[in-house]
Number of protein chains: 2
Amino acid sequence: MSITIKDVAKKANVSIATVSRVLNNSNIVEEDTKKRVQEAVRELVYLPNNLGRSLSIKRTEAIGLILPDLFGEFFSEVIRGVDQTAQHHKYHLLVSSSHDDRKEIETALQMIRGRVDGLIIMSADIDVQTINKNLPKSLPVVLLNCQVDDTSYDSLNINNYYGAHQMVSHLINHGHKSISIIKGPVNNHDAEERLRGYRQALRDGKAQFDSELESPGDFSEASGYDAARTILKKKTRPSAIFAANDSMAIGALSAIQEAGVQVPEEIALAGFDDIPIVQFVKPSLSSVRVSINDLGVLAVNRLIQAIREKNKFIKQKTLVPVEVIPRESCGCPKPPRIPFYRTISN
Amino acid sequence: MSITIKDVAKKANVSIATVSRVLNNSNIVEEDTKKRVQEAVRELVYLPNNLGRSLSIKRTEAIGLILPDLFGEFFSEVIRGVDQTAQHHKYHLLVSSSHDDRKEIETALQMIRGRVDGLIIMSADIDVQTINKNLPKSLPVVLLNCQVDDTSYDSLNINNYYGAHQMVSHLINHGHKSISIIKGPVNNHDAEERLRGYRQALRDGKAQFDSELESPGDFSEASGYDAARTILKKKTRPSAIFAANDSMAIGALSAIQEAGVQVPEEIALAGFDDIPIVQFVKPSLSSVRVSINDLGVLAVNRLIQAIREKNKFIKQKTLVPVEVIPRESCGCPKPPRIPFYRTISN
DNA sequence: AATGCTTATGTAAACGTTTACATTATAATA
DNA sequence: TATTATAATGTAAACGTTTACATAAGCATT
């Protein structure tokens, strides 16, 4: 049905080997035959089949990216970073998303296997067993923000501890002595690390340390709202609140404003993640930005290295740097707005 | 190096054909040998190679998605819709993005070709020639928001005309008789259609029709700002402004507020695209929402149909429905906020 | 006991490439 | 002119599957 290298060979009156050589511009083919082959290629509109090629050369020149349920800007940015870096290394990207349970991840792994030379997996609840069972050990893998202890895989994780530490230290530098935290869900690794960073920053900054200052939360806007209400009712009100993520910070902001309390004059506020909305709320929210782009770049670079070295090198765990973005809610001036969105009509 | 079907065959003392039959659970294989083969598969941790399989069955069971530069929520939503629908049809998704110029699109097409059974292309400036030159005519293709007139390809486009018409009609229903438009860039197809919808809505609603009411713009926030300032200075000020996209509407909002004019009391405002920020500005902006999810679902469904029917059926152009989302800026109450973001810590 | 019919398994071709190796043609050397 | 080195091309195996067809074994029928 479709035109193959054989058709070209026949038309140009050469062997398929010669055609292949012309296509991969091997230099040992005579100018005249080269012309003839190229002519045939053009006339027949021959398009080489990547499958056959990959099978033969045992490389696909593509890398895979497995994501959890794709939602919002965050994953879009991950894809963007990964794709650009992959392209830079002349690799294609194969994305598979929306895998929330273990079963779906398994099928995704099975599907992608053989189609890529390496794989980046981002999934909160994947375990080493699942990977081992569904992927050949020869396939290079990089884990992105997964919580696996296994040392046999490369992994990249957000530096939650450092980010929280920096943000809280920043608040301390603003002169705050009594800083509350609205915590994330228990047993959530990101949340635990952020809490750890908060506590250490208090110690390091010689600020007040008190379990009374730690309010529960679950990363939802509603829990941030509730926590802030409770905090405001306390007899000794803290002068600042650090929410373990932006959603809770936004919920807290609503509660604070409803109570008629001024941010940052009467109480300062900061979040974590630097989701786009935080620039648009009033006052704009200070937050900790994860360079999602870096995340993708690092992951791909590591993967490409693994591919090049045939997966034979020491695996390592890497912490991705984060950055405090001070805005109005902690008492800093509002920085110039970063255009974050591009729409279809732009 | 890696375990193939041959190794399994040897270990189980059967032919590779039998192994293949067991793997694809053909029912004509005896229970006893089946057991033996499965045992061998387990012991060797055999993982079938998709490439060989695809080459043999002449299907990849994957579809491709070519996107322009990936930025922001919009494309993330497109991918999401496409991936979910693809998965529903048991197809994999291969995404390739960041293709801004023709050259990059060409390499993307060449790379993806052979790896997918069908392709969705979303690119403002792709032309039919490029497609024809780089893809076999047998490969099913669906164009998403591309501006090609060629009838040999299926295409999906946003219903800009209808959306603008609906939005402007909505303003008319609010009692506005004099409605300005801030236009998009000249020669931009989306912009032209939105203008056409605006004009027709005025006629249909018997509202004032005057070229004075049409201000130039280029879809940028700055141009919206400028346009609004000009509009406010006119001796006969319109009672409403329809911006051809949300970015311009946000720019216009800034200008209006700086002038101390109340929205929507003194002047109503509406945009187009329903980008996420519009829910968070004060007052929240009425806009026209493009169901991006529908876009993906429709595209995939059409593509799968094309694949099933081997690309032999009548191609068609489809308009994707849009929906007016009334908010405070046109005088409607603020609707409950839709959670749009999910962050890494959620 | 020979024949035919199932049923299970094996053989080998096919899918579309690349590439090691073999062959031929050409030119250079003795 | 015969020999050898070099350059261009061809042959065929390999990559890992699936599957049409061939074969063999078992069994029922005559």
Side-chain angles (χ1 to χ4, degrees), chain A residues 1-38 40-41 44-62 110-117 136 138-139, chain B residues 1-38 40-41 44-62 110-117 136 138-139:
Chain A
M1 46 176 0
S2 85
I3 313 287
T4 79
I5 200 171
K6 282 184 195 161
D7 302 310
V8 177
K10 197 173 294 171
K11 176 132 195 160
N13 239 320
V14 292
S15 72
I16 60 168
T18 302
V19 176
S20 177
R21 284 192 266 259
V22 172
L23 294 173
N24 301 307
N25 45 57
S26 151
N27 43 2
I28 63 158
V29 51
E30 207 175 76
E31 200 56 34
D32 192 46
T33 30
K34 191 173 186 172
K35 281 264 166 56
R36 233 168 47 244
V37 170
Q38 288 170 334
V41 166
L44 295 173
V45 195
Y46 165 69
L47 301 164
N49 177 318
N50 283 313
L51 243 44
R53 172 157 216 275
S54 290
L55 192 58
S56 193
I57 65 177
K58 296 202 262 284
R59 282 180 290 117
T60 62
E61 284 155 349
Q110 285 159 14
M111 280 283 230
I112 212 158
R113 179 219 309 153
R115 304 181 136 103
V116 296
D117 297 336
S138 58
L139 186 76
Chain B
M1 47 184 346
S2 86
I3 312 286
T4 79
I5 199 170
K6 281 183 194 161
D7 303 311
V8 178
K10 198 172 293 171
K11 175 135 198 159
N13 239 322
V14 292
S15 71
I16 60 167
T18 301
V19 176
S20 176
R21 284 191 267 261
V22 171
L23 294 172
N24 302 307
N25 43 55
S26 151
N27 43 3
I28 62 160
V29 51
E30 209 176 75
E31 201 56 34
D32 191 46
T33 30
K34 191 172 186 171
K35 280 263 165 59
R36 235 172 43 247
V37 170
Q38 288 171 334
V41 166
L44 296 174
V45 195
Y46 165 69
L47 300 164
N49 177 318
N50 283 313
L51 242 44
R53 173 158 215 274
S54 289
L55 192 58
S56 192
I57 64 176
K58 295 202 265 282
R59 281 179 290 119
T60 62
E61 285 155 349
Q110 285 159 14
M111 280 284 228
I112 211 159
R113 178 219 311 152
R115 305 181 136 103
V116 296
D117 297 336
S138 59
L139 185 76

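Residue numbering restarts at 1 for every chain, and letters A, B, ... go by the order of the sequence lines.
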Is Arg53(A) close enough to dT18(C) that one of its side-chain N or O atoms is under 4.0 Å from OP1 or OP2 there? yes
Apply salt bridge (charged side-chain N to carboxylate O under 4.0 Å, His left out) to Arg53(B) and list each qualifying residue two or more places apart in sequence or on a separate chain.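 Residues passing salt bridge (charged side-chain N to carboxylate O under 4.0 Å, His left out) with Arg53(B): Glu61(B).
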Does Asn50(A) use its side chain to pair, donor to acceptor, with the backbone of Gln110(B) at less than 3.5 Å?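 Checked: pair present.
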Short side-chain to backbone donor-acceptor contact, Ser56(A) and Gly52(A), under 3.5 Å: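 No, because the side chain of Ser56(A) does not come within donor-acceptor range (under 3.5 Å) of the backbone of Gly52(A).
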With a non-hydrogen cut-off below 4.0 angstrom, is Asn13(A) in contact with a base, only sugar-phosphate, or nothing?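 Here Asn13(A) touches the backbone only, sparing every base.
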Considering only heavy atoms from C-beta outward, does the side chain of [X] approach that of [Y] to under 4.5 Å?
| X | Y | result |
| --- | --- | --- |
| Arg113(B) | Leu139(B) | no |
| Val45(A) | Ile3(A) | no |
| Leu23(A) | Val41(A) | yes |

Reported CG-to-OG distance for the pair Asp117(B) and Ser54(B), which is rounded to 0.5 angstrom: 7.5 Å
Once rounded to the nearest 0.5 Å, what's the spacing between atom CG of Asn13(A) and atom OG1 of Thr33(A)?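 Asn13(A) atom CG to Thr33(A) atom OG1 measures 11.5 Å (nearest 0.5 Å).
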What pair of heavy atoms forms the shortest contact from Gln38(A) to Val22(A), and how long is it? CG-CG1, 3.9 Å
For Thr60(B) and Arg115(B), which heavy atoms make the closest approach, and how far apart are they? OG1-O, 3.3 Å
Send over the distance from [X] [atom1] to [N] [atom2], rounded to a whole Å.
| X | N | atom1 | atom2 | result |
| --- | --- | --- | --- | --- |
| Arg115(A) | dG16(D) | CZ | C1' | 14 Å |
| Lys58(A) | dA14(D) | NZ | P | 11 Å |
| Asp32(A) | dA25(C) | CG | C1' | 15 Å |
| Leu23(A) | dT17(C) | CG | P | 8 Å |
| Asn50(B) | dC15(D) | CG | C1' | 15 Å |
| Leu51(A) | dG16(D) | CG | P | 14 Å |
| Asp7(A) | dT17(C) | CG | C1' | 13 Å |
| Lys34(B) | dT7(C) | NZ | P | 16 Å |

Could you work out which one of dC15(C), dT18(C), dG10(D) sits closest to the side chain of Ile5(A)? dT18(C)
Output the single nucleotide from dC15(C), dT11(D), dT17(D) whose closest atom is nearest the side chain of Leu55(B).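 Of all the options, the side chain of Leu55(B) is nearest to dC15(C).
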Atom pairs, N/O to N/O, protein against nucleotides 6-8 of chain D, distance under 3.5 Å?
none

Could you encode protein contacts along nucleotides 19-25 of chain D as a string, one character per nucleotide from 5' to 3', using B for base contact, S for sugar-phosphate-only contact and - for no contact, with a heavy-atom cut-off of under 4.0 Å? B------
Pairs where residues 11-21 of chain B contributes a residue and the test salt bridge (charged side-chain N to carboxylate O under 4.0 Å, His left out) is met, not counting sequence neighbours: Lys11(B)-Glu43(B)
At 10 degrees resolution, what angle do the end axes of the helix from dA1(C)-dT30(D) to dA30(C)-dT1(D) form when each is taken over five base pairs?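 Comparing the axis at each end, I get an angle of 70°.
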Under the side-chain contact (heavy atoms from CB on, under 4.5 Å) rule, collect the residues that match up with Lys6(A), sequence neighbours excluded.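 Per chain and number, Lys6(A) pairs via side-chain contact (heavy atoms from CB on, under 4.5 Å) with Thr4(A), Ile16(A).
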